[in-house]
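Taking it in order: structure first as structure tokens, then the write-up.
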Amino acid sequence: MTRKLFYEDPDLAEFSARVLSCKKENDRWAVVLDATAFYPEGGGQAADVGTLDAVRVLDTRERGEEVVHFCDAPLTVGAEVLGKIDWDHRFDLMQQHTGEHILSGILHKRFGYQNVGFHVGAEVMEVDFDGPLTPEDIAWAELEANKAIWENVPVKCWYPAEEELPHVTYRSKRALPWPVRIVQVPGYDSCACCGIHVKTTGQVGLIKILSCVKFHQGVRLEMVCGQRAYRYTAGVFDQNKQVSQLLSAKILETAAAVRKVSDALAAEKLRSAALEKRVLAQLAESYVNRQDVLHFEKDLSGAALRELAEQISLRCSGVAAVFTGEEGRYSYCLASKSADLRPLGKEMTAALNGRGGGKPEFQQGTVAATKEQIEAFFHK
């Protein structure tokens, strides 16, 4: 049995312990100590990492009553070792997990929703709830969660006595047999939880909800707390500052400035498309009363390529074959008002190392051929 120092003092970053066993498992060494401050993965919270003497601890898992440290080198059985937790990693996880408790408790108290999924990833935390939330609900809950941080409420973690447990109100997805570990944020949450947490809500620092999407019958929130929330908001501020400078707009008025630029761009795109259509129609006029037409044009977009083929097919009596691109790689459109182009398209792609398809009167795709090879195919 491993003594779990992380429950006795979640702020313990260094400790001494004796090695009980060390066995090689695949490319790592599974080390069991008589006591540890390394928290094993569980309850949605990732495992601690760090060192035992000079040996790196890469992962930590619980097996029965033992905590197994997966290391990159062996340790001597019976030896006393110095364990050091990667505190930045640990404190980050504690901030995320405690922040999740605060928000989950607030949503449960207001809407009765259960937290049905929880995962702390490398960048963001995902939390699933079994009911819908509106943007107004999310804004309200985020503000309430940060109020809990500002109040700096003590976080209480304990195992109630067997006779005490029935009188403790707590969130849980199912009935739990004694013993049950309770994590309580007075006024905000009380929940059965095996994770480790900060001592006061003030240590969470900041809670920011990043997104909310429909998930099964409820929603999935992406959120960040503490250091992650600070880095995220600092990054957002820096990006918005750059946008404000580029648009010569006040930093809190960038959305309106972007909308103005977007509207102007949309209008310019419409004007440009109308001009392009007129130019393509004039270009197609040179093929009036021609039979089959082979035309090369530089730098056409997909829409312009299709438009030019269509315009030429309206003016010639045969097949309009339009190509755009660069030597060795062309996009094409074949158009005709009278012929079934599928046999021609199939023959052309086979001869010119291409691919494509479409309707009987319209074929499009690409070929890996030179201009000379394309001309040779159509003039054979």
(message) Is there a side-chain contact between Y39 and L93 in this structure, where contact means two heavy atoms from C-beta onward sitting under 4.5 Å apart?
(response) no

(request) Would you confirm whether T98, through its side chain, and V198, through its main-chain N or O, come within 3.5 Å as a donor-acceptor pair? (result) yes

(request) Keeping the roles fixed (side chain from Q364, backbone from Y332), state whether a donor-acceptor pair exists under 3.5 Å. (result) no

(request) May I ask whether L308 and V319 are part of the same hydrophobic cluster, defined by side-chain heavy atoms of I, L, V, M, F, W, Y residues being less than 4.5 angstrom apart, directly or through others? (result) no

(message) Show the nearest heavy-atom pair for residues L82 and E14, with the distance to one decimal.
(response) CD1-OE1, 4.3 Å

(message) Just verifying a value: how many Å separate M223 CE and S211 OG, rounded to the nearest 0.5 Å?
(response) 11.0 Å

(message) Can a donor-acceptor pair be found, under 3.5 Å and without considering hydrogens, that links the side chain of S190 to the backbone of T169?
(response) yes

(request) Using a strict 4.0 Å threshold on nitrogen-to-oxygen distance, state whether R228 and D92 make a salt bridge. (result) yes

(message) For a quick test of reading the model, state the closest non-hydrogen atom pair linking A309 to A320 and the distance between them.
(response) O-CB, 3.7 Å

(message) Can you confirm whether more than 12 heavy atoms, excluding those of E375, are under 6.0 Å from its CD atom?
(response) yes

(request) Count the heavy atoms of every other residue, nucleotide or ligand shown that sit under 6.0 Å from CD of E327, and state whether that count exceeds 12. (result) yes

(message) How close do G345 and Q363 get, counting heavy atoms only, and between which atoms?
(response) CA-OE1, 4.3 Å

(request) Indicate yes or no: does E62 engage K4 in a salt bridge with an N to O separation below 4.0 Å. (result) yes

(message) Please find the pair of heavy atoms, one from G318 and one from S336, that lie closest to each other, and give the distance.
(response) O-OG, 3.5 Å

(request) Step through the shown structure and confirm whether more than 12 heavy atoms of other residues, nucleotides or ligands are within 6.0 Å of NZ on K337. (result) yes

(request) Give the C-alpha distance, both sets of side-chain angles, the deciding distance and a yes or no for side chain to side chain contact (heavy atoms under 4.5 Å, CB included) between F38 and V68. (result) CA-CA 9 Å; F38 282 84; V68 182; over 6 Å; no

(request) Output yes when a side-chain donor or acceptor of D86 lies under 3.5 Å from a complementary backbone atom of G50, and no otherwise. (result) no

(request) Sort out for me which residue in R278, E276, K277 forms a side-chain contact (heavy atoms from CB on, under 4.5 Å) with L280. (result) E276

(message) Between E25 and R63, does any NZ, NE, NH1 or NH2 come within less than 4.0 Å of an OD or OE carboxylate oxygen?
(response) yes

(message) Side chains of P160 and I182, heavy atoms from C-beta outward: is any pair under 4.5 Å?
(response) yes

(request) Decide whether L283 and V322 are clustered together by the hydrophobic rule: side chain heavy atoms of Ile, Leu, Val, Met, Phe, Trp, Tyr closer than 4.5 Å, transitively. (result) yes

(request) Answer yes or no: is there a side-chain heavy-atom contact under 4.5 Å between M125 and V224? (result) no

(message) Would you say V57 ends up clustered with V67 if hydrophobic residues are merged whenever their side chains have heavy atoms under 4.5 Å apart, either directly or through other cluster members?
(response) no

(request) Report the distance from atom CG of D11 to atom CZ of F6, rounding to the nearest 0.5 Å. (result) 14.5 Å

(message) For the aromatic rings, using the six-membered ring if either is Trp, is the centroid distance between H295 and Y287 under 6.0 Å?
(response) yes

(message) Taking CZ in R56 as the centre, count heavy atoms belonging to other residues, nucleotides or ligands within less than 6.0 Å. Is the count above 12?
(response) no

(request) Check the hydrophobic clustering (I, L, V, M, F, W, Y; side-chain heavy atoms under 4.5 Å; chains of links allowed) and say if M1 and V32 are grouped together. (result) no

(request) Apply side chain to side chain contact (heavy atoms under 4.5 Å, CB included) to the pair R181 and W158, showing each step before the final yes or no. (result) CA-CA 6 Å; R181 185 169 181 267; W158 86 105; over 6 Å; no

(request) State, yes or no, whether a side-chain contact exists between Q203 and Q95 at a heavy-atom distance under 4.5 Å. (result) no

(message) Restricting to non-hydrogen atoms, name the atom on H197 and the atom on C157 that form the minimum distance, rounded to 0.1 Å.
(response) CD2-SG, 4.2 Å

(message) Tell me whether S104 contacts the main-chain N or O of H101 through its side chain, where contact means a donor paired with an acceptor under 3.5 Å.
(response) no

(request) State whether R3 and D34 are salt-bridged, where the test is any N-O pair (Lys NZ or Arg NE/NH1/NH2 against Asp/Glu carboxylate O) under 4.0 Å. (result) no

(request) Would you mind reporting whether S331 and L305 have side-chain heavy atoms less than 4.5 Å apart? (result) yes

(message) Quick check for you: to the nearest 0.5 Å, what is the distance between L294 atom CG and F378 atom CZ?
(response) 6.0 Å

(request) Could you tell me whether R290 and D292 have a side-chain N and a carboxylate O separated by less than 4.0 Å? (result) no

(request) Might you confirm whether atom NE2 of H89 has over 12 heavy atoms from other residues, nucleotides or ligands at distances under 6.0 Å? (result) yes

(request) Taking all heavy atoms of A37 and all of D48, pick out the closest pair and write down the distance. (result) O-OD2, 3.6 Å

(request) Say whether, by atom type as modelled, one donor and one acceptor occur between the side chain of N115 and the main chain of F129 under 3.5 angstrom. (result) no

(request) Measure the spacing between CD of E136 and OG1 of T134 and express it to the nearest 0.5 Å. (result) 4.5 Å

(request) Enter the distance from I196:CD1 to L12:CG here, rounded to the nearest 0.5 Å. (result) 10.5 Å

(request) Inspect the surroundings of CD in E8 and state if more than 12 heavy atoms from other residues, nucleotides or ligands are less than 6.0 Å away. (result) yes

(message) Around atom CG of N26, are there more than 12 heavy atoms from other residues, nucleotides or ligands closer than 6.0 Å?
(response) no

(message) Under 6.0 Å between ring centres: does that hold for F118 and H97?
(response) yes

(message) Taking E268's backbone N and O only, do any of them form a donor-acceptor pair with S272's side chain (distance below 3.5 Å, no angle check)?
(response) no

(message) Is it the case that the side chain of T324 and the backbone of L300 share a donor-acceptor pair, with hydrogens and angles ignored and the cut-off at 3.5 Å?
(response) yes

(message) Between K147 and E144 (salt bridge meaning N to carboxylate O under 4.0 Å), is one present in this structure?
(response) yes

(request) Would you check if the side chain of E142 reaches a backbone N or O of I209 as a donor-acceptor pair within less than 3.5 Å? (result) yes

(request) Would you kindly say whether E41 and Q45 are connected by a side-chain donor-acceptor distance under 3.5 Å? (result) no

(message) Quick check: do D9 and K199 have side-chain heavy atoms less than 4.5 Å from each other?
(response) yes

(message) More than 12 heavy atoms of other residues, nucleotides or ligands under 6.0 Å from CG of L270: yes or no?
(response) yes

(message) Taking the ring centre of each residue, are Y330 and F296 less than 6.0 Å apart?
(response) yes

(message) Nearest 0.5 angstrom please: T36 OG1 to H69 NE2, how far?
(response) 2.5 Å

(message) I'd like to check R110 versus W140 (side-chain heavy atoms, cut-off strictly below 4.5 Å). Are they in contact?
(response) yes

(message) Looking at K109 and F111, would you say the former's side chain and the latter's main chain have a donor-acceptor pair under 3.5 Å?
(response) no

(request) Before giving the answer on side chain to side chain contact (heavy atoms under 4.5 Å, CB included), spell out for V49 and L58 the whole-Å C-alpha distance, their side-chain angles and the decisive distance to 0.1 Å. (result) CA-CA 6 Å; V49 294; L58 308 172; 5.8 Å; no

(message) Name the residue from D189, I207, V155 that meets the side-chain contact (heavy atoms from CB on, under 4.5 Å) definition with T201.
(response) V155

(request) Please assess S21 against V31 for the test side chain to side chain contact (heavy atoms under 4.5 Å, CB included), listing each intermediate value before the final yes or no. (result) CA-CA 6 Å; S21 67; V31 175; over 6 Å; no

(message) Between H108 and Y113 (judged by ring centroids, cut-off 6.0 Å), do the two rings come close enough to count as a pair?
(response) no

(message) Side chains of W29 and L75, heavy atoms from C-beta outward: is any pair under 4.5 Å?
(response) no

(message) So, applying side-chain contact (heavy atoms from CB on, under 4.5 Å) with L33, which one of L5, L52, L20 is it?
(response) L52

